[in-house]
S.K.: 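First the structure, then my questions, so here it is.
Quick note: numbers below take in every heavy atom, side chains included, and nothing from hydrogens, waters or symmetry partners. First the proteins, then the strands, lettered A, B, ... as listed; each starts at 1.
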Amino acid sequence: MPEGHTIHRLALDYGGHFKGRATQVTSPQGKFSDAAALLNGTELTRTEAHGKHLFLGFRDEEWIHIHLGLFGKVNFGGTPAPPPTDTVRLRLANDTSYVDLRGPTTCALITDTEKQAIHDRLGPDPLRPPKDTDPNAAYRRISRSRTTIAALLMDQKVIAGVGNVYRAEVLFRHGIDPYRAGKDLTPAEWDAIWTDLVDLMREGVRNNRIDTVRPEHTPEAMGRPPRVDDHGGEVYVYRRANRPCHICGAEIRTADLAARNLFWCPNCQKP
DNA sequence: GCCCAATGTCGAC
DNA sequence: TCGACCTTGGGCA
């Protein structure tokens, strides 16, 4: 479930279980063995997330850089840790906990300088502290672009951390057609989208899932049977193709956009 | 067992 | 724009 909220949550959870103590670092699958051997027995000193990138700090200026990609999964557990399966790329363990990483796109040992280069190529992240985060930088790019707002929201250079679910849901919540060109988005619309993403994604970190349905549109409030969408949260349009819009009843539409599935309500989201 | 899809990104053409 | 890559779980036989 890797959108930005998941990664920020992982930064907190890795820190909570392992920070400040000698940590056993292994790579049962083998692809990270050399680096694991180098770090094994040292201390996890800090953890950080920017968009969908996770950084685990060891020693002075060394970091494990993790990107889950589409398939990566992380699994925490208590001791005794079970024998790792052969797909575990990275296991951290101490006296009380273990955590397994499987299927990441990236798991690499990097320096401070290399880490900085990653920050430099990422746009502002609604979940980073406001002092390092400038939503106007994102709007400058958006307001100059003929690309669709749906594509721009997924471009990590423009804004970091938004994925396919938050993209679909935030556009629905603001009644914006996904095919609208970035340059046709008003500053007020962008402010509203950014502020909303900050709120939604913070809640996503807290609950470790994506919920976007406003209280007045929950099934209870609308006198309908309770539901939980396939991916475990409560949403308006994501993966709800051909089903009725919670608000107006129109059929939710879906289309391919840059090799990803897009979902929207043709009635609630006007050009 | 096989086939497919999935909340992502990169590089080749 | 397309394929490649990483892994798991669900549907179906």
S.K.: Between A:K115 and A:F55, is NZ or CZ placed under 6.0 angstrom from the six-membered ring centre and within 45° of the ring axis?
M.R.: yes
S.K.: If we ignore angles and hydrogens, is there a donor and acceptor under 3.5 Å between the side chains of A:T254 and A:R239?
M.R.: no
S.K.: Hey, what do you get for CD (A:E61) to CD (A:Q116), rounding to the nearest 0.5 Å?
M.R.: 11.5 Å
S.K.: Are OP1 or OP2 of B:dC10 and a side-chain N or O of A:R121 less than 4.0 angstrom apart?
M.R.: yes
S.K.: On the nucleotide B:dT7, are OP1 or OP2 found under 4.0 Å from the side-chain N or O atoms that A:Y238 carries?
M.R.: yes
S.K.: Please report, rounded to the nearest Å, how far the P atom of C:dC6 is from the CG atom of A:D86.
M.R.: 14 Å
S.K.: Measure the spacing between NE2 of A:H5 and CZ of A:R206 and express it to the nearest 0.5 Å.
M.R.: 12.5 Å
S.K.: Salt bridge or not for A:R260 and A:D256, using N-O below 4.0 Å?
M.R.: no
S.K.: Tell me: CZ of A:R209 to P of B:dT7, nearest whole Å?
M.R.: 18 Å
S.K.: Please list residues of residues 29-38 of chain A whose heavy atoms come under 4.0 Å from any atom in DNA chain C, ordered by number; otherwise none.
M.R.: A:Q29, A:K31
S.K.: Whether A:K52 contacts B:dT7 is assessed here as follows: a side-chain N or O lying under 4.0 Å from the phosphate OP1 or OP2. Is that the case?
M.R.: no
S.K.: When the distance from CG of A:N75 to P of C:dG9 is rounded to whole Å, what number comes out?
M.R.: 10 Å
S.K.: Whole-Å distance between B:dC10 P and A:H53 NE2?
M.R.: 7 Å
S.K.: Looking at A:H67, I'd like to know whether one of its side-chain N or O atoms comes within less than 4.0 Å of OP1 or OP2 on B:dG8.
M.R.: no
S.K.: Does A:R253 count as lying over the ring of A:F263, i.e. NZ or CZ under 6.0 Å from the six-ring centre, within 45 degrees of the axis?
M.R.: no
S.K.: Provide the distance between the two P atoms, one in B:dC4 and one in C:dA4, to the nearest whole Å.
M.R.: 15 Å
S.K.: Say you pick atom P in C:dC5 and the same atom in B:dC13; how far apart are they, in whole Å?
M.R.: 14 Å
S.K.: From C-beta outward on A:Q156, which listed nucleotide comes closest to its side chain: C:dC6, B:dG8, B:dT9?
M.R.: B:dT9
S.K.: Expressed as a whole number of angstroms, how long is the span from A:L70:CG to C:dT7:P?
M.R.: 13 Å
S.K.: Check A:Y179 against A:D177 and note the closest heavy-atom contact, atom names and distance.
M.R.: N-OD1, 2.7 Å
S.K.: Respond yes when some side-chain nitrogen or oxygen of A:R102 is under 4.0 Å from OP1 or OP2 of C:dT8, and no when none is.
M.R.: yes
S.K.: Mark yes when over 12 heavy atoms from residues, nucleotides or ligands other than A:R202 sit less than 6.0 Å from its CZ; otherwise mark no.
M.R.: no
S.K.: From CD1 of A:I66 over to C1' of C:dT7, roughly how many Å is that when rounded to an integer?
M.R.: 16 Å
S.K.: Using whole Å, what does the distance between atom P of nucleotide B:dT9 and atom CD1 of A:I159 come to?
M.R.: 13 Å
S.K.: Taking the C1' atom in each of C:dC6 and B:dG1, what is the distance between them to the nearest angstrom?
M.R.: 22 Å
S.K.: Does A:T105 make a side-chain N or O approach to OP1 or OP2 of B:dC10 shorter than 4.0 Å?
M.R.: no
S.K.: So, for A:P244 and A:I252, which heavy atoms are closest and what is the spacing to 0.1 Å?
M.R.: C-CG1, 4.4 Å
S.K.: With the six-membered base ring of C:dC6 as reference, does the ring of A:F71 sit under 5.5 Å away with planes under 30° apart?
M.R.: no
S.K.: For A:H65 and B:dC10, give me the distance from atom NE2 to atom P, rounded to whole Å.
M.R.: 9 Å
S.K.: Within residues 252-263 of chain A, find the residues that approach DNA chain C with a heavy atom at under 4.0 Å, and present them sorted by residue number.
M.R.: none
S.K.: Between A:I193 and A:L185, which heavy-atom pair has the shortest distance, and what is it?
M.R.: CD1-CD2, 4.3 Å
